[in-house]
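Shown next, in structure tokens, is the structure this report addresses.
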2 protein chains.
Amino acid sequence: MGCGGTLQGPLTEADRGVVDVHERGQRVERATIAAVAAAAGVGVGTVSRVLNDSPAVSPATRERVRAAITALGYRPSRLAAGLSRGNTRTIAILVPFLTRPSVVARLAGAIAELDAAGYDTVVCNVENASQRDHHLIALTERHRADGILCISLALPRVHLERLDRAEVPIVTVDTRAPRIPSTEIDDFAGGVLATAHLLHLGHQRIGFIGDDRGSQLGFTSTRRRLRGYRQALATQGISLDPELVRLGPHGTEAAESQASALLGRATSPTAIFAASDTQALGVLAAAEQARRAVPEELSVVGYDDIEAAAQLRLTTVRQPLHESGARGARRLVNILHNQPVRPLREILALELVPRSSTGPAPDRTRSVRPTGPSLGMTKPPLRGHDVDLARSGPEHRPARNRPALATEPALSGAGPGAVSRRFAPY
Amino acid sequence: MGCGGTLQGPLTEADRGVVDVHERGQRVERATIAAVAAAAGVGVGTVSRVLNDSPAVSPATRERVRAAITALGYRPSRLAAGLSRGNTRTIAILVPFLTRPSVVARLAGAIAELDAAGYDTVVCNVENASQRDHHLIALTERHRADGILCISLALPRVHLERLDRAEVPIVTVDTRAPRIPSTEIDDFAGGVLATAHLLHLGHQRIGFIGDDRGSQLGFTSTRRRLRGYRQALATQGISLDPELVRLGPHGTEAAESQASALLGRATSPTAIFAASDTQALGVLAAAEQARRAVPEELSVVGYDDIEAAAQLRLTTVRQPLHESGARGARRLVNILHNQPVRPLREILALELVPRSSTGPAPDRTRSVRPTGPSLGMTKPPLRGHDVDLARSGPEHRPARNRPALATEPALSGAGPGAVSRRFAPY
DNA sequence: CTGAAAGCGCTAACAA
DNA sequence: TTGTTAGCGCTTTCAG
């Protein structure tokens, strides 16, 4: 109002400090910084200073500007500010399989950290290689984000080169690439930790179930955990039986069938180390199906310590999921602030969380299972279920009502997978 | 190179078509559209057309421009384009408790849809009222996103007014607000569905466990499900026993203690309807702890059909989580494209998924539990566990090794909650 | 402490 | 089909 009196030529809308916008079909006008400046009787520079909390504004002026802002319902444009500033204050997070518990946990950690640092977070979900390529290309071909946080996703050389060429700062979490800062988990140590736990309990035949490396997105953590497993066995002078190692697709169901195969062997393992809790759940299901008491007849160790692990009292290797995301995000922010990130690779610690799914190896000299805390047990059996078995003896085990399984009514919407998902707390 | 020959005055960097940027501490120059135009010997308009796939460019020119783009490693600025265009092509998603399985499922659906529509998605996680306010204020005070998708979060009047004033398009999913388009789930019908299922099985005393409405973020779905539960009971002429309804904080553990309280009562329910699968897990845990066989002695119905539900063979009300997010996102996109969104409220259908956690009500005229598919069972008991119990009779149930619970060794990292989380598949 | 003015890099309208 | 030009709304010198 009343501004622009000295301008020549016809007043454009911009001169009036408003801009037309089409939204929801109605024509609305949005105030600009110029309108605020005019309304407050100051220059745009001053308004900008107020907006950015610059101390170099007198309280009186600041107040006047603030009043004008509310009066006009002015909303500064992030885009314009960014363009002027030269950055977006946005970072992109690349996650594989967003819905996996371990992934969301890291994501949540990263978002929290970035939010605190004043960054917007755009989430790119990747479920296959072509989605990965799509996002990586989009992120490098156009300038959308100030940096990228890549979670649990292997970065093929081509993309590394793209990233390099585009000079987009990137940090990885739970995965690594040459010359790229990363926040990692010592999966090798985790593999050792889990396996050593089982060895301590006297297990000699220990199975391993993990992700297939052939998976499109090539997760590498399984490999490292497997290496730790091998190492631990070697330390005890146990030679690795390749038959005991089963790699397949991720997921509870796949792990279940892997485990079933393992348990069906003549010399089946007395313990299984699953490379993730999700897969450990499948192992428990298989044990249930094979009527192996856990931990009396089969010990199970998982990895991650997702919520379900605690609920199912699964012994597992806990990794700091939320924290890993947060740390990775922090490193990226530091890079953007030109602060040093050292060391290049930050390795987070792991912790074994012993719960009730692991116990001493069954005493193979007797055919009767232990009924109490003998054999130096560190964790007595807790289950009513177990008690029943102990009382009634081994001959109790053969499934008397197996036929019921076959005659299970078709469950609406449960599909063919239903029958194989047989473990439950009841 | 070689451009600007007709310009007057000293060449600025902009004239040269490059801009300085400070990244990772090194000084880099980024090509601009002007540089590309010069290199290709065309005008910026043409480059812009190529960038936006305008058909009005001759193949030859297009090729020359493309070549220049790669040669210069040019990356168009999303910010500048957006500023010029007048929109951000970004939408913000507000989610409560990002890590909850039902929430991520919706989020994933929304992100997929938005990605397909060419929108970036910034995720705002909300864990308490002040975070909610923080994000809602930030989203309205500055122009950051073209629209907001609000998932499962109640919008207080103040915020609705802000939103209105700022004229930010918003769509809600799994929650509703006056005059705001929403994609909803018919939770009332879901409540009826679950309860009717139990009534059909002959249950008369049916407990209800759900979120406390007093929760800071005021989720409303529990209330609606509860209303459905009441309605179903009323239809059967069963008067509601308020003692059977327990509302508390969300989460497996809280639900477990609620359920324990229910099961500890003299006249305890024969079935429990939990307002979410997460809470149903707690009910199962409580049943395990109370040594009630599921479903013989206690039937349990959940809600959502998250992955764990299938794994634990939990009977539940399935809602289209992923789809709800996608549909909500689509509606928002339609609004932004000035397409009509009708009806204002879109209601998605539910489906009961019967699994093994529900069965016929125990026959109260006898003290012996059914041992087979009698009483018109639709789902015979499947558990070896159950078989054991059936064979050994009721006197078998008193926990013989309860003391073991008390003497459970302190588990590293398991904390005080460990003892109460006692259900497991083994 | 404040104002003026020069960009930031792109899109779109207009003219050719 | 193509080039030119006028903004988009803000930040940031640089004077004063």
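Below, chain A is the first sequence line, B the second, and so on; all start at residue 1.
Checked by atom type and distance alone, the side chain of B:R49 never pairs as donor or acceptor with a backbone atom of B:P55 at under 3.5 Å. Checked by atom type and distance alone, the side chain of A:D115 never pairs as donor or acceptor with a backbone atom of A:I111 at under 3.5 Å.
When the C1' atom of C:dG9 is taken as reference, atom CG of B:L51 falls 11 Å away, rounded to whole Å. We find that CG of B:N52 is positioned 13 Å from C1' of C:dG9, with the value rounded to whole Å. Distance, A:R85 CZ to D:dT13 C1': 17 Å, rounded to whole Å. The separation between B:R75 atom CZ and C:dC8 atom C1' is 16 Å, rounded to whole Å. Nucleotide C:dA12 holds its C1' atom 13 Å from the CG atom of B:L83, rounded to whole Å. Distance, A:E141 CD to C:dG9 P: 19 Å, rounded to whole Å. The distance between atom CG of B:N87 and atom C1' of C:dT11, rounded to the nearest whole Å, is 11 Å. The nearest whole Å value for the distance from the CG atom in A:L79 to the P atom in C:dT11 is 12 Å.
Comment: B:D164 does not engage B:R179 in a salt bridge, judged by the lack of any side-chain N to carboxylate O separation of less than 4.0 angstrom. Between B:E346 and B:R331 there is a salt bridge, with a side-chain nitrogen of the basic residue lying less than 4.0 Å from a carboxylate oxygen of the acidic one. A salt bridge between A:D120 and B:R144 is present, with a side-chain N of the basic residue lying under 4.0 Å from a carboxylate O of the acidic one.
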Please enumerate all protein N or O atoms sitting under 3.5 Å from an N or O of nucleotides 1-5 of chain C, with distances to 0.1 Å.
{"residue": "C:dT2", "atom": "OP1", "partner": "A:S58", "partner atom": "OG", "Å": "2.9"}
{"residue": "C:dT2", "atom": "OP1", "partner": "A:T61", "partner atom": "OG1", "Å": "2.1"}
{"residue": "C:dT2", "atom": "OP2", "partner": "A:S58", "partner atom": "N", "Å": "2.8"}
{"residue": "C:dG3", "atom": "OP2", "partner": "A:G43", "partner atom": "N", "Å": "2.9"}
{"residue": "C:dG3", "atom": "OP2", "partner": "A:T46", "partner atom": "OG1", "Å": "2.6"}
{"residue": "C:dG3", "atom": "N7", "partner": "A:R49", "partner atom": "NH2", "Å": "3.4"}
{"residue": "C:dG3", "atom": "O6", "partner": "A:R49", "partner atom": "NH2", "Å": "2.5"}

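For C:dT11, the OP1/OP2 oxygens have a side-chain nitrogen or oxygen of B:S48 closer than 4.0 Å.
Heavy-atom distances to DNA chain D give each of A:S84 and B:S84 a nearest nucleotide, and the one nearer the 5′ end belongs to B:S84.
No side-chain donor from either of A:T183 and A:R327 sits under 3.5 Å from a side-chain acceptor of the other.
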